[in-house]
Amino acid sequence: MSDKTDVWQGTLALMVLKTIETMGPLHGYGIARRIEQTSGDVLSLNYGTLYPALLKLEQEGAIQSEWGVSDNNRKAKFYSLTRSGRKQLEKEARNWQQTTAILARFLASTGEQT
Amino acid sequence: MKALRRLKAKLIGLLSQTRRVQAAQEFDEEMKSHLAMHVEDNIRSGMSPEQAHREAILKLGGIEVTRQARREGATVVALESLWQDIRFAMRQMKKNPGFAFTAILILSLGICANVAIFSFVDAVLIKPLPYQDPTRLVGLFESTPLGSQLHLSYLDYLDWKRLNKVFASVEAYDNNSSLLNTPTGEIPTNGAIVSDGFFRTLGIAPVLGRDFHSAEDLASAPRTVILSYAAWQSRYGGRPDALGQVVTLDGTPNVIIGVLPRDFYFAPVGPAEFWKTLHLSSNSDRGDHGLLAIGRLKDGVSLETAQADMSSIAQQLAKQYPDADGGRGATLVALTDVIVGNLRPILLLLLSGAALLLLIACVNVSSLLLVRTESRRREIAVRGALGASRARLIRQFVTEGLALVAAGSLIGVTAAYWTMQLLTRLIPTNMMANMPYLHQLGLNKHLFLFTAAIALLAALLFSLTPIVRLSLTNLRDGLTEGGRGTAGTIWRRLGANLVVVELCTAMVLLVGAGLLGKSFYRLMHTDIGLQPDHLVGLRLQATRSGYANIGQVAAMAKQVTQEVGRLPGVQSVAISQGLPVGDGYGNGTTFEVIGRPGHEENNAANTKTVSAGYFRTIQARLLRGRYFTEEEDSSKPLVMIVNQSFARKYFPNEDPLGKQIRFDASEPPIKIVGVTDDIKEGPLDAEAHPELYIPFDQDPHYAFYVIARTSQEPQALLTTLSETIHQIAPAVLISDGVTMVDRINQSQASYLHRSSAWLVGGFAALAFLLGVVGLYGVVAYSVSQRTREIGVRMALGAQRASVYQLILKEAGFLVAAGVILGLICSLAATRLMGKLLFAVSAWDIPTLTAVALTLGTSAMLASYLPARRAASVNPTEALRAE
């Protein structure tokens with residue numbers, strides 16, 4: 001597992017929001033699996049850390065939860081995006097893209113000089 | 001306090017606990033479903049059930065750890081630390097109960113006074129009158145040289161109604177007490193007469209039955225009556241079949257056609273039960289002024305425009321009917337002012353007084369908080385050193401301030417509720433009946449908003465005080481033992497400023513109270529032209545069924561006078577149309593002096609019919625001429641007595657005796673036979689008006705007062721009096737028995753003066769106490785801070801006297817600043833009070849001096865105690881102390 005990267009602080013929320021946006025209402029386990037899959041199994045996600053993040057997002061009003069039934073006919077809590085969550089996702093995604101773009105350019109240029 | 005705290009803690013704990021337990025259970029379920037799904041997936045990918053289960057838990061990072069992580073990730077933490085702050089604040093209060101008790105007591109006193117007074121302001125001045133669009137309603141009056149708010153005559157009312165272009169409607173009303181026929185005999189009841197559209201103009205519709213039709217107020221219309229809700233309930237048991245029943249008032253049958261809403265009141269007519277129409281004929285006398293009027297302004301018409309229009313109409317009528325309307329103008333007053341206008345200045349005064357008291361209370365609590373912050377410097381420093389951020393410390397102080405204010409407001413509002421009850425109970429019943437709007441007094445939305453606003457301001461102040469203090473100093477200073485640095489000085493300056501504010505406020509309140517007290521004393525000792533002690537009055541009303549003509553009434557009055565005069569202890573008896581010292585005036589009239597050319601349009605005076613013994617009984621002072629004699633009845637030449645104001649006004653350089661006067665050209669001349677000193681016939685605080693007296697026997701009335709002077713206890717005489725009169729004249733209704741002293745004390749003028757003097761006096765006394773105690777606190781603290789300095793000074797040879805001087809100089813400076821500032825503020829404040837004062841000027845030098853001296857002396861006395869402690873410091877001990 002040493003080749004896997006840890007999840008950076010703060011990015012988990014963004015990943016959660018994006019995942020729910022693409023997948024529609026989803027339960028915690030589903031979100032966790034989906035994040036791992038999307039990262040091409042590069043990210044090592046401790047599933048337990050997902051739940052405080054979900055709770056925090058819910059308290060912030062970005063997502064809402066509802067008990068429902070999973071594909072396998074199992075009772076599970078489904079999380080879906082709220083309007084303000086959608087906005088938050090857009091904003092944070094934009095910020096993140098900007099940051100990575102700047103960082104990428106920065107790394108690229110310093111690389112050239114040395 | 002402790003029980004309350006425990007209860008609160010339990011409640012909050014219970015609430016948050018159930019919520020927390022619920023959330024935890026739900027989370028456990030979520031975990032279960034998560035694990036189940038994961039295990040399923042693992043089995044599908046080929047693991048053994050056992051392995052699948054282990055892997056799932058491992059991947060989760062452990063169930064308990066996840067639970068913990070979830071709990072910590074929640075915002076619950078912030079709430080919990082707030083709860084910690086509150087508990088800490090409570091502990092702080094408990095640890096220092098003296099401080100908490102004092103602060104909360106002072107605060108709740110201030111809040112109680114404000115909320116209680118504000119409840120009256122709200123009921124009287126803020127709540128709109130319960131009519132449709134009440135701001136468009138106006139009271140209409142005629143004005144004469146006697147006054148600006150006088151009755152209209154019916155014909156003038158009709159002309160005003162017809163000619164004006166500014167009112168959507170003008171309606172007349174008057175109060176009208178009448179005798180109600182009941183199976184047990186006639187009883188007096190309150191009522192009103194109104195014109196047909198009166199209720200429509202107010203925007204009031206009967207809850208039962210119908211309103212008066214138009215033209216139902218004409219003399220030719222059948223007689224109908226509308227009941228007040230209270231009358232319907234008490235006299236007809238609230239039965240709907242009351243409609244259509246006949247009620248006999250003053251011997252005339254009236255059909256009940258409607259019932260007014262429960263909340264309806266119209267203060268100018270008091271608690272009227274029966275509302276009849278005017279039933280006046282258009283050939284009545286234009287000089288017969290017996291009506292009041294209201295009007296609803298047309299849309300877009302201002303009061304000023306309306307006043308201009310009505311004044312020109314009055315002028316036109318004065319030209320057209322010089323006899324009746326000469327010298328008469330029109331006065332328009334917003335209906336709200338008609339009803340509550342006289343209470344506005346006094347209520348605003350009381351509210352200002354209460355606000356000042358609150359100011360002083362807040363300042364006092366602030367300085368208490370400052371002292372406490374000072375003594376907690378060490379604690380704060382330690383907390384800071386242990387990592388508490390400044391913001392966290394500030395939050396702690398804000399929480400403590402809030403806790404204080406919350407407790408203070410709660411107690412204050414509760415106390416205010418009782419105070420309100422007490423204050424309303426102190427209002428004499430007859431006054432209460434005329435102030436129906438006070439029935440809405442109570443805790444309501446306005447009151448809670450007001451309390452919240454006060455509480456918010458206080459909380460702000462109490463949070464800011466320690467914050468300012470905290471930001472002034474370096475936190476670490478507090479750690480060094482005995483470190484004084486600049487902190488002490490800064491605090492002393494801030495505290496000293498607060499004390500100056502307190503003393504200044506106390507000074508303003510004391511001056512206000514002093515002036516009001518003096519004004520009340522002057523009012524009670526004003527010369528009313530009669531001797532009120534041992535004097536009683538009783539109202540008699542002869543019924544029409546018992547006395548067919550007025551001559552019989554006059555004979556009955558004479559007999560009553562004789563019989564009452566024989567009662568033991570009675571020194572003299574008289575008959576009078578009204579008792580002296582009333583809340584209003586008697587009948588105004590215009591007149592002309594015979595032999596003077598032209599119309600004397602501005603000649604006006606109040607008239608009163610009195611029996612021969614009136615002046616002797618009340619012990620008035622005769623200035624010239626003679627009093628009436630018993631023999632002067634309708635068979636003798638007509639005579640009158642005038643008061644000194646009358647003589648001065650209408651016969652400035654002449655002898656009024658022997659002059660003749662008539663009310664108008666159609667009436668016979670009346671000769672002036674005497675001049676008496678002014679008798680206070682109107683309100684106690686009003687100027688003397690020109691007054692003319694006519695013998696009762698020459699112009700008797702069905703209703704009159706018997707006035708008797710006794711050598712015995714007056715209250716006891718009242719019972720004997722009504723028993724005796726009832727025996728002689730069973731067909732006479734007896735009511736309103738009162739001793740003259742009570743009448744004066746219960747009159748509106750004396751009540752208003754007395755209550756404002758007492759209330760402001762109470763505020764001032766509290767303010768005085770708080771101010772002086774505040775000063776004591778500051779000086780005492782200063783002394784405690786300077787103990788070592790004083791020790792050094794004494795060790796270096798300073799005498800005790802110079803130590804006294806040191807401390808007292810500092811205190812004296814504060815006192816002088818407070819008193820001088822207070823004097824300046826008082827002068828500004830009392831000028832606003834001018835209208836409320838009787839026979840006292842707002843710049844009353846003796847009061848100002850007395851207050852300044854009292855406050856100054858008490859303040860210096862309060863600072864003498866710590867000064868003495870300073871002077872008795874033992875230098876060696878003081879130096880060793882730290």
Side-chain angles (χ1 to χ4, degrees), chain A residues 1 4 6-7 9-17 19-20 23 25-37 39 41-80, chain B residues 12 15-83:
Chain A
M1 290 246 225
K4 288 196 176 181
D6 278 342
V7 179
Q9 192 104 38
T11 55
L12 183 59
L14 184 54
M15 289 182 203
V16 168
L17 289 177
T19 308
I20 301 177
M23 301 296 291
L26 199 58
H27 44 75
Y29 176 67
I31 297 173
R33 289 305 294 261
R34 176 71 195 174
I35 289 176
E36 274 186 343
Q37 280 166 17
S39 75
D41 284 329
V42 179
L43 277 181
S44 142
L45 180 66
N46 196 340
Y47 290 0
T49 57
L50 186 67
Y51 286 96
L54 282 172
L55 182 68
K56 190 155 177 287
L57 282 171
E58 194 175 359
Q59 278 171 346
E60 287 168 1
I63 57 172
Q64 55 197 17
S65 67
E66 201 178 9
W67 284 95
V69 180
S70 75
D71 298 339
N72 305 339
N73 254 345
R74 203 166 275 289
K75 201 174 153 222
K77 206 176 188 182
F78 281 79
Y79 295 89
S80 56
Chain B
I12 293 180
L15 267 177
S16 57
Q17 195 150 355
T18 44
R19 229 179 299 141
R20 238 182 290 171
V21 166
Q22 236 172 28
Q25 279 170 353
E26 207 178 303
F27 184 65
D28 280 351
E29 240 175 280
E30 196 176 1
M31 280 302 92
K32 225 191 276 170
S33 100
H34 172 105
L35 286 175
M37 283 191 270
H38 200 169
V39 168
E40 246 169 65
D41 278 358
N42 282 348
I43 291 176
R44 215 173 297 142
S45 66
M47 292 187 200
S48 72
E50 203 179 305
Q51 204 182 350
H53 194 77
R54 224 188 45 220
E55 208 274 338
I57 292 182
L58 205 66
K59 187 77 185 149
L60 188 66
I63 294 177
E64 197 44 53
V65 175
T66 310
R67 272 189 199 136
Q68 182 77 27
R70 181 194 140 274
R71 272 202 295 274
E72 280 171 2
T75 48
V76 173
V77 175
L79 285 174
E80 262 174 9
S81 78
L82 175 68
W83 179 230

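Here is the naming used below: chain letters follow the sequence lines, and residue numbers restart at 1 for every chain.
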Residue part contacting chain B, namely of A/Ser65, when any heavy atom lies under 4.5 Å
neither

Decide yes or no for B/Met37 and A/Arg33: does some side-chain heavy atom of the first lie under 4.5 Å from some side-chain heavy atom of the second?
no

Is it true that B/Glu29 and A/Lys77 have a side-chain N and a carboxylate O under 4.0 angstrom from each other?
no

For A/Tyr47 and B/His34, take the angle between the two ring planes, folded into 0 to 90°, and tell me which bin it lands in: parallel under 30, tilted 30 to 60, perpendicular over 60.
perpendicular

Passes side-chain contact (heavy atoms from CB on, under 4.5 Å), A/Tyr29 versus B/Asp41? Steps please.
CA-CA 11 Å; A/Tyr29 176 67; B/Asp41 278 358; 2.7 Å; yes

Nearest 0.5 Å, please: how far is CH2 in A/Trp67 from CD in B/Glu26?
6.0 Å

